[in-house]
Each structure stands twice: as C-alpha cells, then as structure tokens.
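This one's a predicted model, so the numbers in the text were calculated from it and none came from an experiment. Residue numbers begin at 1 in each chain, while the letters A, B, ... track the order of the sequences. In what follows, every heavy atom counts, from backbone to side chain, and hydrogens, waters and symmetry copies are set aside.
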2 protein chains.
Amino acid sequence: MNTVSQRTIERLSLYRRRLMVELADKDYIFSHQLAKLANSTAAQVRRDLMHLGYTGVPRKGYKIKDLISCISKFLDPTHIENVVIVGVGNLGKALLTFFKGRRPKLSLVACFDIDENKVGTEIAGVPCYHLNEMPQRIKELKVNIGIISSTENATKAISEMMIAAGIRSIINFTCYPLNIADSENVFLEQIDITASFEKAAYFSKTHLKKL
Amino acid sequence: MNTVSQRTIERLSLYRRRLMVELADKDYIFSHQLAKLANSTAAQVRRDLMHLGYTGVPRKGYKIKDLISCISKFLDPTHIENVVIVGVGNLGKALLTFFKGRRPKLSLVACFDIDENKVGTEIAGVPCYHLNEMPQRIKELKVNIGIISSTENATKAISEMMIAAGIRSIINFTCYPLNIADSENVFLEQIDITASFEKAAYFSKTHLKKL
DNA sequence: GATCAACTGTTTTTTATTTCACAATTTTTA
DNA sequence: TAAAAATTGTGAAATAAAAAACAGTTGATC
Ligand SMILES: NC(=O)c1ccc[n+]([C@@H]2O[C@H](COP(=O)([O-])OP(=O)(O)OC[C@H]3O[C@@H](n4cnc5c(N)ncnc54)[C@H](O)[C@@H]3O)[C@@H](O)[C@H]2O)c1
Ligand SMILES: NC(=O)c1ccc[n+]([C@@H]2O[C@H](COP(=O)([O-])OP(=O)(O)OC[C@H]3O[C@@H](n4cnc5c(N)ncnc54)[C@H](O)[C@@H]3O)[C@@H](O)[C@H]2O)c1
C-alpha cells in the first residue's frame, strides 16, 4: 500500500498552517519558500506534496489557495469527527480550551473525569461526565478519537475502555507508555513532554560539541 | 564525535522513569523486560544502553539501581539548571504546576508574561515577571533552558531575546515553527500538539488499511 | 518563436535508525 | 568440573528517511 509516513503527515499539517498565514499576502508560493516557513528543505516539501496528487507549475510554484484545500482534502476527515478527552486537570483543561472550535472537522464533544467536583459541570463549554459513562457516550456519539490526560496510573485502564468502546485513535499525554497490540488496529500517539524536557536539558550542554 | 541521537535520549528518559517504578519490586531486569515496559525491543534497549558505558551481566540482566544512576549521570546536568517559561496561559500554567519540583536537577525559577494581571504574582509558587525583565533575569540566574508557551505571534521575538540573553536550549509549544541558525548553537525542541491531533485524525481512518 | 532561467516531479544516492544474528560470557545444573 | 541454557554487547544487514541530482516544463526575454 502507498502508505504515507507519520513525519510527512506532521509536516503537511504544518505546511497548511503556514500557508493559511501566507494566503493574506500572495497567491503563489515556491517549494523553497514553503520550506523556509516550515523549517524544512525544498526537496522535502516537494516530496511531501507528491502524496497529494496536486502539482505545481514550474517557474510559478504552487497556488496557495488550491494547495491548502488539497492538503485539507487529504488530511481532514470527510465528515466531522467527534473527540473526547479523559482527565480534565490542568493539562486537559488547556487542551480543551485551545482546541474547542479550532479545527472545524474535529469536534470536542465530551470530557470525562472521576473528580466529583468536575462531573456534571461544563469545562470550556464542554460537558464533563463521570468516567463510568465513557463507553456508552463513545458509542452513542460515534467517537473515533480519544485523548488521555488523566493521572498516569489510570492510563492503561482508560485506554482499554476506549478501545473496547470502539475508539480508533488515542493521544496519550501521560508518562505511562501505552502498549496497544497491533491486532487492535488502533493508532497511538504518545506525547512525552517529560522526555522532551530532559532532552532539552541534555542537549543544552552537549550539542554544541559539533563545533 | 560519538554523538547520541535524540531518539536515544528520549528513550533513556523513558527507561529511567519505568525503572523507578520497577525498583520497588525487584533488583535486576533483562533487556527484553525493559523493552516491554518502554514499548520497545530488546535489541533497541541494549543498543541505547551501550552509550552509558554501563554493562549488564549475561543471564542476570541489569541491576536496576545502578542502571538508574547511570542513566541519571548520563542525562542529568551536573549541577542544578535553572529554567524559565514565557507565556503563562493555560498551557504554561499546566507545565509550571506539573514540573515544579519534579525533576531535581531542573529548577523552574521564573516565568514571564505581558499580562499585567499576572506580572508581579506567583504562579504555582513561581514568580511572574514582565517580559521586559527576561534578559536581565536570564543572565542573573544563569538560565540555559527556556520554554515558550506564549501566543504564537510573539514566538520569534521571544526566542531572539532568549538567545541574545544566552539561553542554550528552547522548548517551543507554540504553532510557530522557529528557525534558529545552526551558528547559534542553540538546541530547539518543537512540540507541535496541533500536528499530533491532525495526525491522530488522519490515521484513525487510514492506518487500518494495513490489514 | 527560439533561447534562457528557474522551477517542478521523480529517480538515485546518501545518511540515519532499527533489526538481526552471533560470539562471548555467566549462571545453573548435573 | 563440565555441559547446557540464557543473556549480553556489538558488527553486519535491512529498513526508513532525507538530500541531491537531474530530466522535463514553463514563463520570461530578446
Ligand atoms: N501538565 C503537564 O505539563 C504535563 C507534562 C507531562 C506529562 N503530563 C501528564 O499529563 C497528565 C495530566 O497532567 P495534569 O497536569 O493535567 O494533571 P492533573 O493532576 O492536573 O489532572 C489530572 C486529572 O485527571 C483526573 N483523573 C484521575 N484519574 C482519573 C480517571 N481514572 N479517569 C478520569 N480522570 C481521572 C483527575 O481528577 C484530574 O482532574 C498526567 O498524567 C501527567 O503525568 C502533564
Ligand atoms: N493549550 C494547548 O493545548 C495548546 C496546544 C497546541 C499549541 N498551543 C500553543 O501554546 C501557546 C499557549 O497556549 P495557551 O493555551 O496557554 O494560550 P493562552 O492564551 O492561554 O496563553 C498565552 C499566554 O501568553 C501570554 N503572552 C502573550 N504574548 C506574550 C508575550 N509577548 N510575552 C509573554 N507572554 C505573552 C498571554 O498573556 C497569555 O498568558 C499558544 O501559542 C498555542 O498556540 C497550545
């Protein structure tokens, strides 16, 4: 199968956001200009765009408007996807607030917690239910995408509940490294902020050795 | 130079956290067991550990206690590193609250914002100053690591201020893709949560095609 | 309308990362 | 004490990703 790498998908997402900003200024953009905006190279940009089936014009570049809609057609779900988030502490709340209404095709429809002070309230305009209700709500709302930002120790159980309820994709912000069997065919994105911090600390002292 | 890849550093960070939990239960661990805990493979684990100069014992494995301190010696700064964070909105506050006091060698000493309601207060026990004061504070406190979680449009200017003030490593949570010249020799970690979301959405529909 | 310059799309090459495979080592067992 | 079993450390092979190279277009120029 002509499978597209995760790296390419990430870059396409970034290209689109950069192009949106550019759109105000001009009509066309060259691969080397987009590369600069996205911190990449012209060759890499052209290679990524190959997957879209959209072709630019030599000496003219890519029509920004068309390129954006082509990336959107490629990346975005055809219909609106419902998304849920489990664990609405500091991070969960930040994610909710930020993404609420931001991506038209991704709709944050519910969040879940076990904290009785949160259950029953609305957080950033999104209703918060008790974790117990999650499986039923996921099925009812046909949710395919789940975000976990609970405490670490609850991660595994939550992911199992999600998968059993039919979730197709999980984004895990906790430190717990989920291990999902291939046979489940669930996409997993592990975001390890702690590792990023330790990496930044490590390279703050070492990476300048390449001098 | 025997440079260690970013991927390896990330995994070492994860190994350490997993080992900390394991330590309560047992003394030794095999590469295949650690691999399972870290969602990796035995060969990958052994390869990563090669960099540490710590050797395990065939038929016995790695002494968890020693392995942890060896990873710490390798990853952690020798002395306490001061860290600052710029932009203390929802995300910045979550980061502050989470990391405050969590990593003994990384000390969050100050945060900066331009919101007058925040300047002059303490957030999660960390003093918040006006952005204007940043260069001076960074120099005074010998800060090497800076986190950006401001609004997107301020990112570039903030990074330039940081670099001019002597920061060695930047973690950028905003969507703006920073481009730091190689000659600056500043390590950059770009955390693009938006791309992660769009990736999760993309693969929720497509990745099961490998069936 | 021929020529030039500057781009694109794609093939090839290079580089980086992961996996494999196995000799060397150590413990266990007999 | 010798043989068997299991695990390590690492060179070599395989795979994945990025960069370079280049033929083919296209618009601009004369
Ligand atoms: N905040 C950060 O910067 C940061 C960085 C790295 C990792 N993380 C990880 O992200 C997760 C969330 O971080 P945070 O700062 O928001 O923590 P937090 O303590 O503020 O929030 C955790 C939330 O999860 C809820 N919760 C606990 N168990 C639950 C369960 N079984 N089901 C549903 N909800 C449950 C709690 O009630 C709370 O609301 C943590 O696991 C943390 O390790 C956070
Ligand atoms: N929250 C998320 O889940 C999320 C996800 C992806 C990306 N981001 C990015 O992270 C950044 C922060 O997100 P947030 O949700 O905390 O936003 P926020 O609006 O809650 O916080 C932004 C903070 O930055 C401050 N600020 C603005 N300009 C500044 C400047 N020049 N110097 C210092 N401080 C300044 C604001 O006063 C505010 O306190 C944004 O750029 C956003 O694009 C956030």
Of B:Leu49 and A:Arg7, the one whose closest DNA chain D nucleotide lies more 5' | B:Leu49
Mark yes or no for whether B:Gln33, through its side chain, and B:Phe30, through its backbone, hold a donor-acceptor pair below 3.5 Å.
-> yes
Is there a donor-acceptor pair under 3.5 Å between the side chain of B:Glu10 and the backbone N or O of B:Ser5?
-> no
Whole angstrom value for the distance that separates C1' of D:dA18 from CD of A:Gln6 | 17 Å
In whole angstrom, give the distance that lies between atom CD of B:Gln44 and atom P of D:dT8.
-> 15 Å
Look at the rings of B:Phe197 and A:Phe173 and say which category their plane angle falls in: under 30° parallel, 30 to 60° tilted, over 60° perpendicular.
-> tilted
Whether B:Lys205 side chain and A:Asp76 backbone form a donor-acceptor pair below 3.5 Å | yes
Specify the separation, in whole Å, of atom CD1 of B:Ile9 and atom P of C:dT17.
-> 12 Å
For B:Thr8, which contact category applies under a 4.0 Å heavy-atom criterion: base, sugar-phosphate, or nothing?
-> nothing
Would you kindly give the NZ-to-P distance between A:Lys63 and C:dT8, to the nearest whole Å?
-> 16 Å
List, with names and distances, any nitrogen or oxygen atoms from the protein found under 3.5 Å away from nitrogen or oxygen atoms belonging to nucleotides 10-16 of chain C.
unit_1: C:dT11; atom_1: O4; unit_2: A:Arg47; atom_2: NH2; d: 3.4

From CD1 of B:Ile29 across to P of D:dA6 the rounded distance in Å is 19 Å
Residues 98-112 of chain B vs side-chain hydrogen bond (donor to acceptor under 3.5 Å, both in side chains), sequence neighbours excluded, gives A:Glu198-B:Arg103
Is the distance from OP1 or OP2 of C:dT8 to the nearest side-chain N or O of A:Thr55 less than 4.0 Å?
-> no
Without swapping roles, check the side chain of A:Ser169 against the backbone of B:Ala200 for a donor-acceptor pair under 3.5 Å.
-> yes
Which word best sums up how the rings of B:Phe112 and B:Tyr129 line up, parallel for under 30°, tilted for 30 to 60°, or perpendicular for over 60°?
-> tilted
Check nucleotides 27-30 of chain C for protein N or O atoms closer than 3.5 Å to its own N or O atoms and list the pairs.
unit_1: C:dT27; atom_1: O2; unit_2: B:Arg59; atom_2: NH1; d: 3.4

Quick note, A:His32 side chain, CB onward, closest among D:dG9, C:dC7, D:dA18 is C:dC7
Under 3.5 Å, side chain of B:Arg168 to main-chain N/O of B:Asn185, donor-acceptor pair present?
-> yes
Round to a whole Å and report the spacing from CZ of A:Phe30 to P of D:dG27.
-> 11 Å
So B:Tyr54 and B:Tyr62, would you call those rings parallel, tilted or perpendicular, with 30° and 60° as cut-offs?
-> tilted
Taking OH from A:Tyr62 and C1' from C:dC7, how many angstroms apart are they, rounded to a whole number?
-> 9 Å
Between CG of A:Asn39 and C1' of D:dA18 the distance, given in whole Å, is 15 Å
